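Okay, so here's the structure we're looking at.
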Amino acid sequence: MEWRKEVEQIAAYVPGKSIEEVKQQYNLEEVHRLASNENPLGPSEKAQRAMQKAVLETHLYPDTSASALREVLAETYHVNTDEIITGNGADNVISIVVSAYVNEGDEVLYCTPTFPAYRSSTLLMGGVPVEVPLRDDFTFDLHEMKEKITKKTKLIFICNPNNPTGTIVDHEEIEAFIRDVPKDVLVVLDEAYIEYVDVEGYKTGIDLFKEGYNVLTIRTFSKFYSLAGLRVGYAIGTKKVLEPMLRLREPFALNRVAIAGAVESIKDVAFGEKHMKMNREEKLFVTEQLAALGCKVYPSHTNFIFVDMKQDGVVLFEKLLEKGFIIRPCAGWGLQNYVRISIGTHEQNKQFIDSLKDIL
Ligand SMILES: Cc1ncc(COP(=O)(O)O)c(C=O)c1O
């Protein structure tokens with residue numbers, strides 16, 4: 001049977017190695033994954049209890065519109081519940097927005113290297129990915145992005161902070177950019193890591209939305225809220241922007257356990273503060289240790305760091321596997337000497353640095 005021609009262009013997603021796989025392959029008892037930007041603290045205890053309770057009701061279909069979660073989000077961000085759409089992870093929300101808006105031949109603009117889902121979702125719809133390289137210091141070139149807008153541009157993705165580089169765009173630059181974008185082009189801010197941004201007065205996509213800009217902000221519970229295994233993402237935008245997306249989304253994208261866990265996670269402010277403090281301190285620790293080893297660490301506004309190891313990142317990745325550490329080489333983005341390392345607990349980070357010292 002013939003495939004749809006758009007599917008032929010898409011490579012299957014290659015996930016990072018799993019802990020179990022590495023344990024077996026290298027005969028190790030302990031393996032640490034510092035590759036997928038997960039929260040090493042595990043889910044908040046309040047969320048755990050809510051999820052355990054929700055399990056008892058899994059014979060019943062969940063609430064299609066995840067109202068309990070949308071209400072908490074609306075309260076937290078001071079928006080209306082009908083300005084929020086939920087999905088099975090931010091990945092799912094990205095796919096919904098592209099499916100809702102991109103016709104064959106429409107252009108979707110974004111900077112690279114970045115999160116690969118913008119490209120794959122666009123190709124699937126027969127759209128044309130238009131990629132603008134990041135500047136040499138791995139920051140966004142919004143000026144060049146603006147130059148690339150044509151009559152065919154439909155969506156613009158700004159991954160902020162950017163994965164894999166951890167960089168952010170100055171919020172005033174984003175605001176000026178959005179002001180100049182034609183009204184029939186939707187700017188989508190992927191803010192999967194925004195909770196980690198530690199810049200006083202930084203304006204997020206939600207702030208810009210509330211000021212009246214037509215932006216769609218996508219967020220996730222996978223990183224800061226420590227629920228990657230549960231799959232909860234959402235987007236905030238105008239009712240008009242969300243309308244076609246609501247027609248497309250799966251009826252029961254968020255299961256009962258996911259809704260319960262997400263609601264309690266966002267309410268557990270103390271958990272968030274503890275994680276933020278740990279991430280801030282540990283990011284500094286790992287950055288300093290790596291710098292002392294001669295690596296170049298780029299300033300990160302996330303829970304991972306992007307590092308020029310000054311040697312082949314894939315070779316290093318393989319040597320680290322033998323020692324029980326999984327990191328993310330960036331060769332897939334065309335950056336052979338670069339790696340992305342998630343911030344772990346202090347114990348994990350210390351052991352990781354010791355292993356790296358042995359190798360180097
Ligand atoms: C920038 C960015 N957007 C979206 C996602 C997808 O998040 P989720 O786990 O909610 O699908 C990720 C996950 O790594 C990401 O880094």
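Read the numbers this way: they start at 1 and go in the same order the structure lists the ligands and their atoms. It should be emphasised that the depicted structure is a prediction, and the values quoted were computed from it without experimental measurement. Positions are given from 1, in the same order as the sequence printed here.
Under the 30°/60° scheme for interplanar angles, the aromatic rings of F221 and Y234 are found to be tilted. Ring-plane geometry between F115 and Y118 is classed as perpendicular, the angle between the planes exceeding 60 degrees on a 0 to 90 degree scale with a lower cut at 30.
The environment of CG in N27 is sparse: at most 12 heavy-atom neighbours from other residues, nucleotides or ligands sit within 6.0 Å.
T167 places a side-chain N or O within donor-acceptor distance of the main-chain N or O of F138, the cut-off being under 3.5 Å.
Relative to the ring axis of F304, R328 does not place its NZ or CZ within 45° and under 6.0 Å from the centre.
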Provide, line by line, the atom pairs where ligand 1 and the protein bring an N/O atom each to a distance under 3.5 Å; else say none.
unit_1, atom_1, unit_2, atom_2, d
ligand 1, 3 (N), D190, OD1, 3.2
ligand 1, 3 (N), D190, OD2, 2.7
ligand 1, 9 (O), S222, OG, 2.7
ligand 1, 9 (O), R231, NH1, 2.8
ligand 1, 9 (O), R231, NH2, 3.4
ligand 1, 10 (O), A90, N, 2.6
ligand 1, 10 (O), T220, OG1, 2.6
ligand 1, 10 (O), S222, OG, 3.3
ligand 1, 11 (O), A90, N, 3.2
ligand 1, 11 (O), D91, N, 3.0
ligand 1, 11 (O), R231, NH2, 2.6
ligand 1, 14 (O), K223, NZ, 2.8
ligand 1, 16 (O), N163, ND2, 2.8
ligand 1, 16 (O), Y193, OH, 2.8

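Pairing each heavy atom of I259 with each of D63, the nearest pair is CD1-O, 4.0 Å.
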